[in-house]
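Notes follow the structure.
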Amino acid sequence: MSRSVSFADGTKPPGTSPTKLYRIKTPHSSTKFDLQLHRAELRFGMHRKITVLEHEKFLDTFFAPYKRRRRFANIFAGVNNSPTVEATMYDDMPDALNKSNICNGFRWVAHPHKNDKADPTQQSVDIGMYPDDHVPPPPTDGSPYPRGEWSRLELGLECKADWIKRDPFDLNSPNDEPVSEERKDGLGQILSYAELVFTYQQRTFFYIIIILGDFARIVRLDRSSVFATVKFNYKEQPEKITEFLWRYCQQNSSQRGHDDTATRIEPSNPLWQIMKEKKLTGDTPASHPEQLFSDSLDEKWPWWELKVNVPYESKGRSLRRQTFRPRRFLVGKPHFQAPGVAGRGTRGYVALPLDSRGRPENKFVYLKDAWRVDHPDIEQEGVTLEYLNNKGVQFVPTLVCHADVPGKYQVTDWRELWGQYRPGDTECPLKRHQHYRLVVKEVGRPLDQFGPSSADLVVAIYCCLHAHRDAYNAGILHRDISAGNMLLYQFPDGTWGGILNDWELSKKIDHDSPEGRQPDRTGTWQFMSAHALNDDKRVIVLADELESVFHVLLYFAIRFLQHNLATKNVGHFLHDYFDAYCSYADGYRCGARKFEAMKLGSIDITSYNGALKEGKWKLQFFFKSAEAEATSQEASDSAAEEPSSERAPSPTGQSSAPDHASSSAQRSSSPFGSDLSSVPPTPPPEDQDQPEERSHPLNHIIDKLLTWFKAYYEEDRSLSQRSKTSDGPGVVPLAASKLLQSLQRRTNPTDRSTPSTAPSGSGPEDAPSAGLAAASEPGPSTTQTRTETAALAKNLTSHDPILKLFDESMGMTWPPDDKGPDKKPKRGYVPRRDQIPTQTELNTSKKRKLAEEEAVKSKKSKVSVQ
């Protein structure tokens, strides 16, 4: 199956905002990072958002008017004509640009294949323009080129010897987008460069010049769109580049795309020392926020002072005029960085606030920086949090401050310009994005740090369910339930629970809306409901949110608890269930494994473990025992031999950085696809017998929820229907936690409007009832009547049944320390591209690099002979 993203003519609804497919460069992806796949995802995110303009229109649109200065001589007269190898351009172009004196205050430097050490993706633009006082230092390894620095790059220049095959834009195709694979690679490449600039800098937009043999284009990229000039012969029309560079260099920093509310903290700045003093050393005891801030002080990354302009009232002044006062925060490396170019570009920081005199406060907060979608139906996240705080909703962040970032260049809105070049399109896919910052009081722990008992995980999710229920009752639907948006938090009384974070995509509940009205219908791919993944226009309803909660619970349970899925197959399962997709003419839909679980009401693991004994085909969790631990350890030893553990980690710390490009053979099949060529052969059956032991309470929750989801999908889509315990130590969360007792009192079953089908009278030693287990097994369609199906599906129309289910589970006995080591492959799961493993082929990037190195050596030898 091709990796390319294509759309049949007339099949994609105008203005449709497809679900973003950033699944392999996210914190919760289980699949090894693949640069070519990620670039395909970047292209998909910019589909229908690319426009090619006439050169004069481009300059007049994006630059302020100015008095033309004298014309420059042809600065490219000495550049090699019609180059056949890119290496010949790496020296000629910087020399010509630097000698022209057009870019005063800046210097051009070539650094092909010399990536920034801070960048684990190992990418480098061929040539970059840098401020004079921050030019990359000369190489010390004997290389002819220094390393690029993404955090200092002002402008990029990419060289391609072929002026047709490597052109990333095509005026003969719809939306000016490339059709051939080589051209798609070129577009993905410049998008990935822009992504890195946005990652390492505080930028509002970015320019890159593309040299295509004797031709060139100038490209502008921001969070909503891409604009490029028509292709021109820069040797015959050199003024088109020189005028652009002259006008660019005459502008101030904000006009060049730098955020003027963010100040980079250099080592000479006193604030640098203030931050350095927060760096922990040795065994210094520290709180979780202190540790996170210390970890963010990575000197390979830039440190910043960020401002949030908040309104305030001043005595003696008229309230007719709103007054703003900037609040200042010090940040280091982002704690979270969303992938992509198009979209919100969310970054999260553990921040140190400064008081009005510039002194650090004795606390840490969490600062979120994003390009929110500015639309009448979408509230600012801070407005939503303030509303929830005022309503007394528990287990949500506490608002400190929030504000749109002021300034002309802090908004992207090119819908009118886009429409001028597409008069036939009635709906524009571009959105108005407004730069925005939000600060909250709580700094939580990621959910994967739960423990030592699985009960701690369930308690945290239970708290988030309460937050979701109370917000829902207050008229707000979250719409982005994910593993990253549920956090562990220690409350002032020392009790650990959970908080439901990130309300950016939330919306007021509108039961009368016939379809999703919010123009940015994105969520977190791994945890979205199967219905939402299969329907871009679907209204997100409560059942979708509750399904996402289930996916989060399953994700962490599979990774850290004991179960009958062999450890060496966990990475494969995580990939299939959470990361995979099924492609269709208009894009992508839900992966088969997740959809089958919802449709059938069970999770079948036969294809991973092989043919198991009767009754053992279904995923089940074990009450931790010595035998289960030994079985897990044996499987872990086998998993340690996986070839995927041989490569360096990815930007998320979970997958490795790939080579600069992949071979054409590798591009022919996507590891995310559902075709059988990407699925490894089923391993030989293994003896998975486990000693009969107390049933894990998690089975009670998962089996019951799956019966509800099965009924809901049958009801909603009109689909056709189709142990013994042992004594041992344990904990009863409800008996040990005042927090749980207070929550259960708030959700007394007598107050519930919707009955639950959970078994009554469940005690601490009770396993799930036989009736429940039978309900989760697939059987003939005649075993359930239409009425029974509707009753089960109704459990997902209210929070009450799922909260009661958690209530009952909290009264059961849970293992005291059943959290084990993470079974997720440390460097990401690598789907096989062929049934027969072969040695790694030399990819096209390495071939190109070797050819260019040979050209450089040849050039040097000729010079030495002369």
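What you see below is based on every heavy atom in this structure, not just the backbone, and it leaves out hydrogens, waters and symmetry mates. Numbers for residues simply follow the sequence, beginning at 1.
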**Non-hydrogen side-chain atoms of Arg344 and Leu505 separated by less than 4.5 Å** = yes
**Residues Arg593, Ile603; criterion side chain to side chain contact (heavy atoms under 4.5 Å, CB included); working and verdict** = CA-CA 8 Å; Arg593 186 66 62 185; Ile603 300 175; 5.6 Å; no
**Item:** Residue pair Asp703, Thr707: steps toward the side chain to side chain contact (heavy atoms under 4.5 Å, CB included) verdict
**Value:** CA-CA 6 Å; Asp703 289 346; Thr707 64; 5.7 Å; no
**Asked** So, does Lys819 use its side chain to make a donor-acceptor pair with the main chain of Phe450 at under 3.5 Å?
**Response** yes
**Asked** When you measure from the side chain of Lys594 to the backbone N and O of Asp579, does any donor-acceptor pair fall under 3.5 Å?
**Response** no
**Item:** Donor-acceptor pair, side chain of His799 and main chain of Leu542, under 3.5 angstrom
**Value:** no
**Prompt:** What residues, two or more places apart in sequence or in another chain, satisfy side-chain contact (heavy atoms from CB on, under 4.5 Å) together with Tyr387?
**Reply:** Lys391, Ala474, Ile476
**Request:** Quick one: list whatever passes ring pair (Phe, Tyr, Trp, His ring centres under 6.0 Å) with Phe573, sequence neighbours left out.
**Result:** Tyr577, Tyr608
**Asked** Do His478 side-chain atoms and Asn501 backbone N/O form a donor-acceptor pair below 3.5 Å?
**Response** yes
**Asked** Okay, side chain of Asp818, backbone of Leu561: is any donor-acceptor separation there less than 3.5 Å?
**Response** no
**Complete:** The reported gap from CZ in Arg469 to CG in Leu500 (rounded to nearest 0.5 angstrom) is 13.0 Å
**Min side-chain heavy-atom separation Asp456-Trp496 under 4.5 Å** = no
**Asked** When the ring planes of Tyr713 and Phe595 are compared, do they come out parallel, tilted or perpendicular, using 30° and 60° as the limits?
**Response** perpendicular
**Sidechain-backbone polar pair: Trp814 side chain, Leu698 backbone, donor-acceptor under 3.5 Å** = no
**Asked** Is the shortest heavy-atom distance from the side chain of Phe806 to the side chain of Ile461 under 4.5 Å?
**Response** yes
**Prompt:** With no hydrogens and no angle check, is any side-chain donor or acceptor of Asn534 less than 3.5 Å from a backbone partner on Cys590?
**Reply:** yes
**Item:** Note, Gln620 side chain near Ile702 side chain (heavy atom, < 4.5 Å)
**Value:** no
**Request:** Please find out if less than 6.0 Å separates the ring center of His466 from that of Tyr462.
**Result:** yes
**Prompt:** Looking at Leu385, Asn473, Leu388, which hits side-chain contact (heavy atoms from CB on, under 4.5 Å) with Val393?
**Reply:** Leu388
**Message:** For a 4.5 angstrom cut-off between non-hydrogen side-chain atoms, does Asp822 reach Phe560?
**Reply:** yes
**Ionic contact status for Glu379 with Lys508, cut-off 4.0 Å** = yes
**Message:** So does Lys823 get a backbone contact from the side chain of Thr567, meaning a donor-acceptor N/O pair under 3.5 Å?
**Reply:** no
**For Glu442, all residues meeting salt bridge (charged side-chain N to carboxylate O under 4.0 Å, His left out), sequence neighbours excluded** = none
**Asked** Residues in salt bridge (charged side-chain N to carboxylate O under 4.0 Å, His left out) with Asp604, at least two apart?
**Response** none
**Prompt:** Measuring from His700:NE2 to Leu805:CG, what's the distance to the nearest 0.5 Å?
**Reply:** 5.0 Å
**Asked** Are any of the side-chain heavy atoms of Phe527 and Ile481 separated by less than 4.5 Å?
**Response** no
**Item:** Pairs touching residues 540-556 that satisfy salt bridge (Lys or Arg N to Asp or Glu O under 4.0 Å), sequence neighbours left out
**Value:** Arg538-Asp544
**Complete:** Residues at least two apart in sequence or cross-chain that pass ring pair (Phe, Tyr, Trp, His ring centres under 6.0 Å) with Phe709, listed by chain then number, are Phe550
